Colleague: 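Here you go, one structure.
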Amino acid sequence: MSWDLAAQSAELRAQGLWRELRLLEEVQGPVVRVDGQELINFSSNDYLGLASSPELKEALKEGVERYGAGAGASRLVSGTQTPHLQLEQALANFKQTEAALTFSSGYAVALGTIPALMGSADTIILDKLSHACLVDAARLSGATIRVFPHNHLDKLERLLASAKGRVLIVTEAIFSMDGDACPLAEIVALKQRYGAWLLLDEAHSVGVLGPQGRGLAAALGLENQVELHMGTLSKSMGLSGGYVAASRQVIDLLINRARSLIYSTAPPSALAYAACQAVALLSGAAGDLRRQQLWSHLSFLSQEAIPASAILPRVIGDENQALKVSISLKSRGFLIPAIRYPTVARGTARLRITCTAGHSLAQIEQLRSELAALE
Ligand SMILES: *Cc1c(COP(=O)(O)O)cnc(C)c1O
């Protein structure tokens with residue numbers, strides 16, 4: 001068997017699926033420099049503009065001064081410092097659960113949490129559009145995996161009716177590439193009828209939806225109906241890292257069983273220190289102001305009274321065509337990458353436009369007229 005990597009690469013190129021790292025030479029909020037050209041960035045998940053806020057930059061520097069640059073060991077060995085515990089308490093309060101646990105990324109949360117709770121005798125039922133980390137985690141757990149078409153409640157119910165062992169439903173509050181919400185109230189009702197548990201990934205809803213930006217479950221008053229609240233610190237929180245919020249019993253078990261926590265060095269305390277500040281900012285008056293700004297941009301841009309989220313996809317279909325549109329937008333001053341297979345299904349390549357509180361009204365107006373011209 002030969003290692004013909006050149007042929008493999010050529011095949012990806014021919015299908016319009018080749019990817020390359022894009023260097024951002026300079027970042028000033030929503031304006032970035034790529035290949036020496038200034039572009040308005042409509043592809044960031046920093047929905048509230050916190051990543052470049054003076055408050056978080058200051059908090060991170062202060063954290064480094066107080067706690068040093070690195071944690072030095074895994075959380076269970078000697079890597080747990082005060083900021084980690086303060087952050088976990090802040091996240092538990094924010095999510096109104098008994099406890100929370102932080103990981104080095106949202107990806108690591110999924111990989112640690114799902115296999116810690118589910119095994120070969122159990123069943124995991126996923127929405128078809130679930131994020132890759134949820135799919136990977138389900139596979140790693142060895143549980144039987146069932147998939148229902150996106151937001152399809154009837155199919156979900158049929159799968160629940162025939163599922164073996166302990167059953168976990170896994171879905172996203174706001175879908176990352178489509179920007180729509182899951183029918184949470186209906187899923188909760190089904191979960192209760194069949195005695196299943198629910199893991200809700202709120203990566204794109206926290207900071208954006210609900211009172212204090214607490215997410216979709218909070219917006220619908222369903223917080224105490226979700227067993228596993230998963231989220232990331234890397235999107236609207238403006239930093240990096242992930243968390244799961246749940247009962248004390250679940251969190252204590254995860255500390256014992258989640259391999260991506262146990263066998264990985266703790267995130268720097270400085271980061272946890274800054275994340276405490278991010279939770280406070282996001283859930284306080286400053287967060288409310290930024291959310292107001294964000295939602296006013298979103299309704300102007302989408303021309304809908306209440307769009308579902310800060311993600312506004314424009315499905316183009318063909319992979320090469322999507323690349324062409326993205327390149328043409330770049331020549332006109334916009335950074336909006338083409339999202340292609342395997343991130344989305346083949347033939348559904350798209351522009352994934354994301355808007356943030358940090359954009360100016362003028363930038364939003366420019367994008368709106370550019371998108372109108374595409375039609
Ligand atoms: C980004 C994302 C993750 C992973 O979070 P990271 O902190 O970036 O690893 C998980 N789930 C969804 C839905 C996401 O969009």
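Everything quoted here is computed from the prediction, not taken from an experiment.
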Colleague: Does some side-chain heavy atom of Pro30 sit less than 4.5 Å from a side-chain heavy atom of Gln363?
Modeller: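 Yes, at least one pair of side-chain atoms sits under 4.5 Å.
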Colleague: Other residues, nucleotides and ligands only: do more than 12 of their heavy atoms fall within 6.0 Å of CD1 on Ile306?
Modeller: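 At most 12 heavy atoms, drawn from other residues, nucleotides or ligands, come within 6.0 Å of this atom.
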Colleague: Nearest 0.5 Å, what's the OG-CG distance between Ser52 and Leu50?
Modeller: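 Output value for this atom pair is 8.5 Å.
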Colleague: Can you spot which of Glu202, Glu223, His229 makes a side-chain hydrogen bond (donor to acceptor under 3.5 Å, both in side chains) with Arg214?
Modeller: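 Checked Glu202, Glu223, His229 against Arg214; only one passes side-chain hydrogen bond (donor to acceptor under 3.5 Å, both in side chains): Glu223.
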Colleague: Does the side chain of Arg350 come under 3.5 Å of the side chain of Thr348 through a donor N or O and an acceptor N or O?
Modeller: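 Yes, side-chain donor-acceptor contact under 3.5 Å.
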Colleague: Mind checking whether Leu312 and Phe334 sit in one hydrophobic cluster, side chains of I, L, V, M, F, W, Y counted as touching below 4.5 Å?
Modeller: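 Leu312 and Phe334: one cluster.
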Colleague: Atom CG in Asp122, atom CG in Leu168: separation rounded to 0.5 Å?
Modeller: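 Interatomic distance, Asp122 CG to Leu168 CG, rounded to 0.5 Å: 9.0 Å.
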Colleague: Using the ring-ring contact (aromatic ring centres under 6.0 Å, His included) criterion, which residues pair with Phe175? Sequence neighbours excluded.
Modeller: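 Per chain and number, Phe175 pairs via ring-ring contact (aromatic ring centres under 6.0 Å, His included) with His150.
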Colleague: Mind listing the closest non-hydrogen atom pair of Thr265 and Gly72 along with its distance?
Modeller: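 Nearest heavy atoms, Thr265 then Gly72: CG2-N, 4.2 Å.
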Colleague: How close do Ser78 and Ala73 get, heavy atom to heavy atom, and via which atoms?
Modeller: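 Smallest heavy-atom distance, with atoms named: OG-CB, 3.4 Å.
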Colleague: In this structure, would Leu216 and Val208 fall into the same cluster of hydrophobic residues linked by side-chain contacts under 4.5 Å?
Modeller: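 As far as the 4.5 Å side-chain criterion goes, Val208 and Leu216 are connected within one cluster.
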Colleague: May I ask you to list the residues sharing a hydrophobic cluster with Tyr341, side-chain cutoff 4.5 Å, ordered by chain and number?
Modeller: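 Grouped by the 4.5 Å side-chain rule, Leu12, Leu17, Trp18 form the rest of the cluster around Tyr341.
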Colleague: Of all residues at least two apart in sequence or in a different chain, which pass the side-chain contact (heavy atoms from CB on, under 4.5 Å) check with Pro83?
Modeller: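 If we apply the side-chain contact (heavy atoms from CB on, under 4.5 Å) test to Pro83, skipping adjacent residues, the hits are Tyr67, Gln81, Ser269, Ala272, Tyr273.
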Colleague: A side-chain contact here means heavy atoms from C-beta on lying under 4.5 Å apart; do Leu76 and Leu261 qualify?
Modeller: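 They are in side-chain contact.
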Colleague: Please report the C-alpha distance between Cys355 and Leu367 in whole Å, then the side-chain angles of each, then the deciding distance to 0.1 Å, and finally whether the side chain to side chain contact (heavy atoms under 4.5 Å, CB included) criterion is met.
Modeller: CA-CA 10 Å; Cys355 182; Leu367 177 63; over 6 Å; no
Colleague: Any chain of hydrophobic side-chain contacts (each under 4.5 Å) joining Leu134 to Leu140?
Modeller: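 As far as the 4.5 Å side-chain criterion goes, Leu140 and Leu134 are not connected within one cluster.
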Colleague: Less than 4.5 Å apart, any side-chain heavy atom of Ser176 and any of Lys235?
Modeller: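 No; the side chains remain at least 4.5 Å from each other.
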Colleague: Looking at residues at least two apart in the chain, or sitting in another chain, which of them share a side-chain contact (heavy atoms from CB on, under 4.5 Å) with Tyr194?
Modeller: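 Tyr194 satisfies side-chain contact (heavy atoms from CB on, under 4.5 Å) with Glu157, Leu160, Ala161, Leu190 once adjacent residues are dropped.
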Colleague: Does either side chain, that of His131 or that of Tyr107, offer a donor lying less than 3.5 Å from an acceptor on the other one?
Modeller: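 Result is no, nothing qualifies.
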Colleague: Determine, for Glu58 against Lys61, whether the closest basic-nitrogen to carboxylate-oxygen distance falls under 4.0 angstrom.
Modeller: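 Yes.
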Colleague: Taking the side chain as C-beta and beyond, is there a heavy-atom pair between Leu351 and Ile339 under 4.5 Å?
Modeller: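 No; the side chains remain at least 4.5 Å from each other.
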Colleague: Transitively linked via ILVMFWY side-chain contacts under 4.5 Å: Val147 with Leu129?
Modeller: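 No: no chain of side-chain contacts under 4.5 Å links Val147 to Leu129.
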Colleague: Closest approach of Pro267 and Ser104, non-hydrogen atoms and distance?
Modeller: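 Shortest heavy-atom contact: CG-CA, 3.9 Å.
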Colleague: So do Arg22 and Ser43 actually touch side chain to side chain, heavy atoms under 4.5 Å?
Modeller: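 A side-chain contact is absent here, since even the closest heavy-atom pair is not under 4.5 Å.
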Colleague: How would you list, by chain and number, every residue that makes a side-chain contact (heavy atoms from CB on, under 4.5 Å) with Ala266, sequence neighbours excluded?
Modeller: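 Only Ala71, Arg75, His84 meet the side-chain contact (heavy atoms from CB on, under 4.5 Å) criterion with Ala266.
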Colleague: Tell me every residue that passes side-chain contact (heavy atoms from CB on, under 4.5 Å) with Ala286, counting only those two or more places apart in sequence or in another chain.
Modeller: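 If we apply the side-chain contact (heavy atoms from CB on, under 4.5 Å) test to Ala286, skipping adjacent residues, the hits are Leu281.
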Colleague: Take atom CZ of Arg146 as the centre, draw a 6.0 Å sphere, and report whether it contains more than 12 heavy atoms from other residues, nucleotides or ligands.
Modeller: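 It does not: Arg146 CZ has 12 such atoms or fewer within range.
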Colleague: Do you know the tightest heavy-atom contact between Gly210 and Ala219?
Modeller: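 Scanning both residues, the minimum pair turns out to be CA-CB, 3.6 Å.
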Colleague: Taking the side chain as every heavy atom from C-beta outward, state whether Lys330 and Leu39 have any atom pair closer than 4.5 Å.
Modeller: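 The answer is yes; the side chains approach within 4.5 Å.
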Colleague: Looking just at side-chain N and O atoms, do Asp4 and Gln8 make a donor-acceptor pair shorter than 3.5 Å?
Modeller: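 No donor-acceptor contact under 3.5 Å links the two side chains.
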Colleague: Does the pair Glu98/Arg248 count as a salt bridge with the N-to-O cut at 4.0 Å?
Modeller: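 The answer is no: the pair does not qualify as a salt bridge.
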Colleague: Side chains of Leu228 and Leu117, heavy atoms from C-beta outward: is any pair under 4.5 Å?
Modeller: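 Sidechains of Leu117 and Leu228: in contact.
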Colleague: Within the structure provided, determine whether Val279 and Tyr243 are in side-chain contact (heavy-atom separation under 4.5 Å).
Modeller: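 No, side chains not in contact.
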Colleague: Hey, any chance Leu184 and Ile311 share a hydrophobic cluster, counting ILVMFWY side chains that come within less than 4.5 Å of each other, even indirectly?
Modeller: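 Yes.
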Colleague: Would you please say whether a donor-acceptor pair under 3.5 Å links the side chains of Arg340 and Ser326?
Modeller: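 Looking only at side-chain atoms, Ser326 and Arg340 do not form any donor-acceptor pair under 3.5 Å.
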Colleague: Show the nearest heavy-atom pair for residues Met177 and Pro313, with the distance to one decimal.
Modeller: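 Closest approach of Met177 to Pro313: O-CB, 3.7 Å.
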Colleague: Supply the atom-to-atom distance His359 NE2 to His297 NE2, rounded to the nearest 0.5 angstrom.
Modeller: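 Spacing of NE2 (His359) from NE2 (His297) equals 7.5 Å.
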Colleague: Taking it one step at a time, do Glu26 and Arg33 satisfy salt bridge (charged side-chain N to carboxylate O under 4.0 Å, His left out)?
Modeller: CA-CA 5 Å; Glu26 201 179 296; Arg33 187 179 291 279; 3.6 Å; yes
Colleague: Of all heavy-atom pairs between Val226 and Ala217, which one has the smallest distance, and what is that distance?
Modeller: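 That would be CG2-CB, 4.3 Å.
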Colleague: Which value, rounded to the nearest 0.5 Å, describes the distance between Leu254 atom CG and Ile114 atom CD1?
Modeller: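 Between atom CG of Leu254 and atom CD1 of Ile114 there are 10.5 Å.
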